[in-house]
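Structure first, commentary second.
Below, all heavy atoms of this structure are taken into account, side chains as well, without hydrogens, waters or symmetry copies. Letters A, B, ... mirror the listed sequences (proteins, then strands); counts begin at 1.
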Number of protein chains: 2
Amino acid sequence: MRMSEQRRTTIKDVAEAADVGVATVSRVLSGTGSASPATRERVLAAAARLDYRPSALGRNLRRRRTGGIGLLIPDITDSFYARLADGVLACAQSAGEPVMIGTTGDDPEREAELIGSLIEESVERVIAVPSGDGEMWGPAFRAGLGVVFAERPVRGREDVPAVVTDDRSGVRTAVEYLAALGHRRVAFLARHGQEQRVRAFREAMGALGLPVDEELIVRARATRDSAYAAAAGLLHHRSDLTAVLAGGNLLGEAAVLAARELDVRVPRDVSLIMFDDVPWAELCWPPLTVIAQPAQDMGYRAAELVLRQGRRTRGVVLPTELIVRGSCGPRR
Amino acid sequence: MRMSEQRRTTIKDVAEAADVGVATVSRVLSGTGSASPATRERVLAAAARLDYRPSALGRNLRRRRTGGIGLLIPDITDSFYARLADGVLACAQSAGEPVMIGTTGDDPEREAELIGSLIEESVERVIAVPSGDGEMWGPAFRAGLGVVFAERPVRGREDVPAVVTDDRSGVRTAVEYLAALGHRRVAFLARHGQEQRVRAFREAMGALGLPVDEELIVRARATRDSAYAAAAGLLHHRSDLTAVLAGGNLLGEAAVLAARELDVRVPRDVSLIMFDDVPWAELCWPPLTVIAQPAQDMGYRAAELVLRQGRRTRGVVLPTELIVRGSCGPRR
DNA sequence: CATCCTCATGGAAACGATTCCATCATGATT
DNA sequence: AATCATGATGGAATCGTTTCCATGAGGATG
């Protein structure tokens with residue numbers, strides 16, 4: 001039974017124990033400045049003996065900044081963002097930087113709140129999958145935050161480095177693959193905010209001389225319910241379509257479920273191709289053909305970028321890869 | 001182009017602008033102490049005009065603690081832990097508390113490092129899925145951290161509140177279900193650290209008069225590779241077994257994959273039941289029968305517990321639920 | 001031998017909040 | 001009218017670091 005809350009051992013205690021000034025202790029421990037071997041030894045010994053750990057609070061206040069990285073993602077439950085976060089954590093932890101995480105639910109308002117709280121905590125580096133638009137991020141830049149966007153850039157903030165996948169090439173690959181199988185009426189299930197991919201979709205369809213039917217481009221919010229509603233609506237009302245491109249794994253999941261529910265067989269009745277390779281794509285029946293994105297890599301690279309934040313850094317575009325499994329077939 | 005790094009507005013600036021002392025500003029803004037309506041008004045106006053946000057750094061140093069909670073999980077890529085984290089975030093964010101996250105990879109050493117870094121940051125509340133044993137956590141308690149364990153308790157630290165699932169009941173339900181289908185030789189694919197479930201398994205088998213074959217209890221580490229090796233080994237060498245109980249979604253995934261690879265049909269050749277309901281369980285073929293665990297709830301409750309950390313708090317045991325889909329059939 | 005440079009060292013001033021305590025005004029009580 | 005209680009207020013101490021600056025010792029150079 002301990003008597004009471006004992007005081008944390010501070011740099012002062014170490015200084016006394018080693019019989020030197022606090023300045024010397026600080027210098028020795030942080031490795032900056034000079035100190036004679038003899039005192040260095042004494043200080044190190046005292047610190048070890050007292051099991052001293054410098055308080056990040058004191059240091060941060062003095063330095064007027066908090067180490068660490070803020071990470072803002074829409075939904076940690078989504079395998080893509082989980083892998084992204086994993087990459088960020090891998091890099092940050094190997095650099096010894098703590099990570100503060102927040103989920104926005106793709107809601108600009110929540111995002112703004114979280115940005116505010118990061119500023120309050122004096123976090124100076126942020127990796128974000130942005131939900132809001134450019135002005136949402138005004139306070140962040142005014143506060144001098146180092147920001148790196150991931151997965152998607154923000155319109156009007158092209159100066160901020162972003163780590164994204166090569167949407168155009170990914171979409172084109174998918175569309176070309178479907179076209180080669182004879183499909184002409186292909187639908188695109190997109191999430192709000194994937195306008196880049198939508199544009200790429202129109203472009204790729206046009207380039208192949210396929211008709212672009214705006215009604216075959218449907219958008220959903222980033223929830224399972226919304227995704228399911230969109231997928232079911234599409235499959236129900238448009239029995240003329242022969243292929244579906246899902247813009248993300250949530251959309252793909254919804255498409256599989258909706259197809260089963262409506263008794264639409266994949267790939268016999270419609271072919272399905274999904275953005276993002278997830279572990280279950282292989283477990284699914286039929287196994288899903290996907291456009292893989294290096295999510296974990298994306299996080300890692302973003303973390304590298306935000307940590308190096310010194311020289312003028314440009315964004316990164318990561319390649320996608322078509323992985324053919326069993327969810328696409330020739331046009332019926 | 002901004003001229004230079006402008007200084008952050010501090011409480012002093014607000015005090016000057018409102019023509020009061022800093023103490024008054026602090027009192028008004030934190031709501032403690034008294035202030036006349038007139039000055040309160042002036043202070044609030046000045047704070048709003050200057051867009052003042054108190055620095056958490058200053059506050060924390062003075063209070064000698066950091067708000068917020070630390071969250072330590074083995075792997076954010078695992079749907080179970082992602083949902084757990086989501087629950088923690090939901091609770092923490094609604095309480096306005098920042099969350100510092102770290103992944104241990106189920107490695108006690110990494111866990112110890114992360115605990116150290118939390119102490120350094122003066123984080124005072126931690127939710128952890130523990131990897132190490134009791135002594136690993138010594139420094140944490142010595143530093144006065146409020147700890148809540150999630151998913152599994154730590155042997156020798158029974159005084160620490162833990163939020164867990166009802167393993168005994170979950171395992172028993174699964175085993176009884178399989179037994180009712182006629183299965184007698186059922187295997188248990190466990191992850192290291194699931195000894196609680198292993199014990200429950202032996203117990204449940206024994207209670208039903210089924211033979212407990214220790215060789216049908218295999219353990220894997222918390223990686224996909226290790227899980228696959230374990231599952232494949234089991235299915236390959238023991239063609240006499242008729243049912244498999246997987247201790248987690250990684251194990252279940254591995255079992256499905258291994259079965260397919262070895263041309264073992266589910267549920268015709270072996271029945272499969274998995275701990276943890278994940279979105280893909282329904283997408284899988286056959287759809288997986290599972291023992292659902294309220295992962296997100298678990299995180300939420302753990303966060304509640306660690307935030308209330310005041311009165312003597314006991315742990316929580318959450319119920320499981322059998323969800324029958326299509327991966328179990330009568331004994332062949 | 002005088003001067004200068006370098007290095008080791010410790011005192012003290014930040015950093016930005018909270019909070020104790022003393023002061024002062026005002027109105028109530030004796 | 002004298003005393004007291006109450007509430008508003010600001011100065012200053014404090015939290016645990018880092019870092020600037022002054023000091024002094026000692027060796028090298030003239």
Side-chain angles (χ1 to χ4, degrees), chain A residues 5-44 46-47 50-68 117 119-124 143-144, chain B residues 5-44 46-47 50-68 117 119-124 143-144:
Chain A
E5 208 58 67
Q6 76 247 20
R7 213 171 46 81
R8 166 179 194 131
T9 78
T10 79
I11 198 174
K12 217 168 165 183
D13 302 323
V14 178
E16 269 173 32
D19 199 30
V20 295
V22 289
T24 304
V25 176
S26 175
R27 254 174 276 138
V28 169
L29 260 34
S30 67
T32 65
S34 54
S36 76
T39 43
R40 174 185 311 277
E41 191 70 20
R42 279 218 313 289
V43 169
L44 255 26
L50 297 182
D51 192 27
Y52 168 69
R53 306 192 70 114
S55 153
L57 253 41
R59 180 193 0 256
N60 291 342
L61 177 55
R62 172 63 222 233
R63 292 213 182 129
R64 302 157 80 182
R65 66 207 174 80
T66 295
S117 116
I119 294 176
E120 217 164 276
E121 301 283 335
S122 299
V123 168
E124 53 173 4
Chain B
E5 209 58 68
Q6 75 248 20
R7 212 171 47 80
R8 166 180 194 131
T9 77
T10 79
I11 196 173
K12 216 169 165 181
D13 301 322
V14 179
E16 269 173 32
D19 198 32
V20 296
V22 290
T24 303
V25 176
S26 174
R27 253 173 278 139
V28 168
L29 259 33
S30 67
T32 67
S34 54
S36 77
T39 41
R40 173 184 312 278
E41 192 68 21
R42 279 217 314 288
V43 169
L44 255 27
L50 297 182
D51 191 28
Y52 168 68
R53 307 193 68 114
S55 154
L57 253 39
R59 179 191 3 253
N60 291 341
L61 178 56
R62 171 63 221 234
R63 294 211 180 132
R64 301 157 80 180
R65 67 207 174 82
T66 295
S117 114
I119 294 176
E120 216 163 276
E121 301 282 336
S122 299
V123 169
E124 52 174 3

Next on the checklist: Do A:R59 and A:S30 pair up side chain to side chain, a donor and an acceptor below 3.5 Å, judged on atom types alone?
Outcome noted: no

Does [X] make a side-chain N or O approach to OP1 or OP2 of [N] shorter than 4.0 Å?
| X | N | result |
| --- | --- | --- |
| A:T24 | C:dG10 | yes |
| A:S36 | C:dA8 | no |
| B:S34 | D:dG7 | no |
| A:R64 | C:dC15 | no |
| A:S30 | D:dT18 | no |
| B:T39 | D:dA8 | no |

Checklist entry - Of all the choices, C:dT18, D:dT9, D:dG16, which nucleotide is nearest to the side chain of B:A35 once you look at every atom? => result D:dT9

Checklist entry - Nearest to the side chain of B:L61, which nucleotide is it out of C:dA13, C:dT18, C:dG16? => result C:dG16

For [X], which contact category applies under a 4.0 Å heavy-atom criterion: base, sugar-phosphate, or nothing?
| X | answer |
| --- | --- |
| B:S55 | sugar-phosphate |
| A:D13 | nothing |
| B:I11 | base |

Is there a donor N/O on one and an acceptor N/O on the other, under 3.5 Å, for the side chain of [X] and the base of [N]?
| X | N | answer |
| --- | --- | --- |
| A:R27 | C:dG10 | yes |
| A:R59 | D:dT17 | no |
| A:R62 | D:dT17 | no |

Item to check | Flag side-chain contact, heavy atom, 4.5 Å: B:T9 against B:D51 | outcome: no

Checklist entry - If we only count heavy atoms from C-beta on, is the B:E120 to A:S55 side-chain gap below 4.5 Å? => result no

Next on the checklist: Test your reading of the model: is there a side-chain donor-acceptor pair from A:R42 to the backbone of A:P37, 3.5 Å cut-off?
Outcome noted: no

Item to check | Euclidean distance, B:E16 CD relative to B:I11 CD1, rounded to 0.5 Å | outcome: 12.0 Å

Checklist outcome for this item: Residue pair B:G21/B:R63 against DNA chain D: nearer the 5' end by closest nucleotide is B:G21

Checklist outcome for this item: Whichever of B:A23 and B:G58 has the more 5' nearest nucleotide on DNA chain C, that residue is B:G58

Checklist outcome for this item: To the nearest angstrom, the NZ-C1' distance between B:K12 and C:dT18 comes to 15 Å

